[in-house]
Amino acid sequence: MKKEKIIIITGASSGIGFQTAAKLAKQGHVVYGAARRIGKIESLKVFGVKPLELDVTSEYSIDKALSLVLHAEGRIDVLINNAGYGSLGAIEDVTIDKARRQFDVNLFGIAMLTKKVLPHMRFQKSGTIINISSMAGRFSSCFGGWYHATKYALEAFSDSLRMEVKPFGIHVSIIEPGGIKTPWGQIAANHLDDSSKGGAYEVQARKTAEMLRKLYDGRILSEPKLIARTICKAVNSSHPKARYLIGLGAKPLVFLHTILPTRWFDFLMTRVLN
């Protein structure tokens with residue numbers, strides 16, 4: 001058994017976060033599963049996970065949560081930034097307030113929490129930060145511009161952070177899931193319908209929303225436990241990889257984006273996959 005680690009994982013109320021928190025606790029780690037509404041993570045207690053109320057967009061909430069963990073454990077070994085969401089829609093249709101909200105959760109919230117944890121990891125000269133990005137941080141598609149922008153930004157943030165903190169014994173890894181069977185797809189499809197209603201992009205957006213619903217209702221997508229296993233692998237590794245590209249479509253689509261001319265890839269994303 002590897003050395004017990006003190007772990008905080010955000011977005012632990014469902015999907016990848018829930019599965020990962022439970023799996024890490026079963027492995028003997030001390031796991032704090034964080035979510036905005038603590039009632040949503042009470043069910044994790046049966047696995048030994050400690051519920052932690054945490055809103056990544058609130059500095060007060062972050063300070064309170066970290067104070068609780070540090071008082072109880074004295075250290076933080078692993079931070080898994082899993083909280084995030086996507087609100088799809090044409091760039092023209094999505095309001096700046098909604099776009100800003102995605103950046104607040106998917107980037108600035110992660111940055112604020114990470115900045116608060118780093119001094120403690122530097123003091124102990126060790127630590128691992130795992131940021132849950134997406135294959136959406138490596139290429140773009142129709143009606144996902146704002147979501148892709150947050151994930152592209154998270155990739156750049158993580159790359160710079162990795163180089164900066166390496167001298168202090170801190171590792172930074174990015175998990176880049178492909179198509180994963182979570183409630184995300186249905187929620188994103190509903191957001192897409194709502195944002196495009198009555199607008200210039202309504203017809204095409206409706207087709208894309210229907211495609212998303214069929215995809216997420218089917219059996220082709222990867223299960224969250226696949227990503228959970230990968231995150232656990234990074235947590236338990238003494239030298240985790242900089243990137244873990246995993247799940248349905250992730251490696252093929254990133255590869256095609258790399259080798260195809262831009263116009264060909266645009267055609268693929270707008271005609272074949274919609």
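Numbering starts at 1 and runs along the sequence shown.
Partners of D193 by salt bridge (charged side-chain N to carboxylate O under 4.0 Å, His left out), not counting sequence neighbours, listed by chain and number: R213. With sequence neighbours excluded, no residue forms a salt bridge (charged side-chain N to carboxylate O under 4.0 Å, His left out) with R229. With sequence neighbours excluded, no residue satisfies salt bridge (charged side-chain N to carboxylate O under 4.0 Å, His left out) with E164. For K181, there are no side chain to side chain donor-acceptor pair (under 3.5 Å) partners two or more places apart in sequence or in a different chain. Taking the side chain to side chain donor-acceptor pair (under 3.5 Å) definition, one finds that E155 meets it with S133, R243, sequence neighbours left out. The salt bridge (charged side-chain N to carboxylate O under 4.0 Å, His left out) test applied to E59 returns K116, not counting sequence neighbours.
Shortest non-hydrogen contact noted between A153 and F103 is CB-CE2, 4.2 Å. Nearest approach of N236 to H29, heavy atoms of both residues: OD1-NE2, 2.8 Å. Heavy-atom minimum distance, S196 versus D93: CA-OD2, 3.6 Å. Closest heavy-atom contact between V94 and K98: CG1-CB, 3.9 Å. Shown here for T128 and M121, the closest heavy-atom pair between the two residues is O-CE, 3.6 Å. Nearest heavy-atom pair, I62 versus G109, reported as atom, atom and distance to 0.1 Å: CD1-O, 4.4 Å.
Here side-chain hydrogen bond (donor to acceptor under 3.5 Å, both in side chains) pairs that include residues 215-225, with residues two or more places apart or in two chains, are Q186-D217. Applying the ring-ring contact (aromatic ring centres under 6.0 Å, His included) test to residues at least two apart or on different chains, the pairs with a partner in residues 107-140 are F139-F265. The side-chain hydrogen bond (donor to acceptor under 3.5 Å, both in side chains) pairs that include a residue from residues 249-261 number zero, where partners must be two or more places apart or lie in different chains. Residue pairs satisfying the side-chain hydrogen bond (donor to acceptor under 3.5 Å, both in side chains) criterion with at least one member in residues 46-55, sequence neighbours excluded, are listed as follows: K50-E73, D55-T57. Residue pairs meeting the ring-ring contact (aromatic ring centres under 6.0 Å, His included) criterion with at least one member in residues 182-209, sequence neighbours excluded, are Y147-W184.
Taking 4.0 Å as the cut-off between side-chain N and carboxylate O, R263 and D266 do not count as a salt-bridged pair. The existence of a salt bridge linking E42 and K45 is confirmed by a sub-4.0 Å separation between a basic side-chain nitrogen and an acidic carboxylate oxygen.
T10 is not listed as a side-chain neighbour of I110, based on a closest heavy-atom distance of 4.5 Å or more. At a threshold of 4.5 Å between non-hydrogen side-chain atoms, the residues F143 and S195 do not count as touching.
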- request: Show your reasoning for whether salt bridge (charged side-chain N to carboxylate O under 4.0 Å, His left out) applies to K214 and E210.
  value: CA-CA 6 Å; K214 288 178 183 177; E210 283 305 309; 5.8 Å; no
query: Between I129 and L118, is a side-chain contact (heavy atoms from CB on, under 4.5 Å) present by the stated rule, with each step listed?
result: CA-CA 9 Å; I129 296 168; L118 278 175; 3.7 Å; yes
Candidate pair Q124 and D77, rule side-chain contact (heavy atoms from CB on, under 4.5 Å), full reasoning: CA-CA 9 Å; Q124 62 199 36; D77 298 310; 3.7 Å; yes
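Just one of L88, I96, N106, T95 meets the side-chain contact (heavy atoms from CB on, under 4.5 Å) condition when paired with W146; it is I96. Just one residue in the list L107, V56, L113 forms a side-chain contact (heavy atoms from CB on, under 4.5 Å) with N81, and that residue is L113.
Linking ILVMFWY side-chain heavy atoms closer than 4.5 Å, directly or via other members, places L54 and Y60 in two distinct hydrophobic clusters. Taken together through direct or relayed side-chain contacts under 4.5 Å among Ile, Leu, Val, Met, Phe, Trp and Tyr, L212 and I91 form parts of separate hydrophobic clusters. Note on I174: it does not cluster hydrophobically with Y152, by side-chain heavy-atom contacts below 4.5 Å among ILVMFWY residues. When the side chains of ILVMFWY residues are joined at heavy-atom separations under 4.5 Å, either directly or via intervening members, F168 and M163 end up in two distinct hydrophobic clusters.
The distance from atom CZ of R36 to atom OG of S58, rounded to the nearest 0.5 Å, is 11.0 Å. For the atom pair CG (N131) and CZ (R162), the distance works out to 10.5 Å, reported to the nearest 0.5 Å. Note that CZ of R122 and CD1 of I170 are 7.0 Å apart. Values are rounded to the nearest 0.5 Å. Expressed to the nearest 0.5 Å, how far OG of S13 lies from NZ of K40 amounts to 5.5 Å. Within the model, atoms CG of L161 and NZ of K166 stand 13.5 Å from one another, a figure rounded to the nearest 0.5 Å. One finds the CD1 atom of I187 at 11.5 Å from the OH atom of Y85 (value rounded to the nearest 0.5 Å).
Looking at Q19, its side chain never comes within 3.5 Å of a backbone N or O of G15 through a donor-acceptor pair. Under the 3.5 Å distance criterion, the side-chain polar atoms of S158 are matched with a main-chain donor or acceptor of L154. The backbone N or O of K241 lies less than 3.5 Å from a partner atom in the side chain of S173, making a donor-acceptor pair. Not one N or O on the side chain of S160 forms a donor-acceptor pair closer than 3.5 Å with the backbone of F157.
At most 12 heavy atoms of other shown residues, nucleotides or ligands fall within 6.0 angstrom of atom NZ in K23.
For the residue pair N82 / T20, no side-chain donor-acceptor distance below 3.5 Å is found, with atom types taken as modelled.
Think of Y244 as one node in a network of Ile, Leu, Val, Met, Phe, Trp and Tyr side chains linked at under 4.5 Å; its network also takes in I7, I9, I16, F18, L24, V31, I38, I41, L44, V46, F47, V49, V78, I80, I130, I132, I175, I180, L226, I227, I231, V235, I246.
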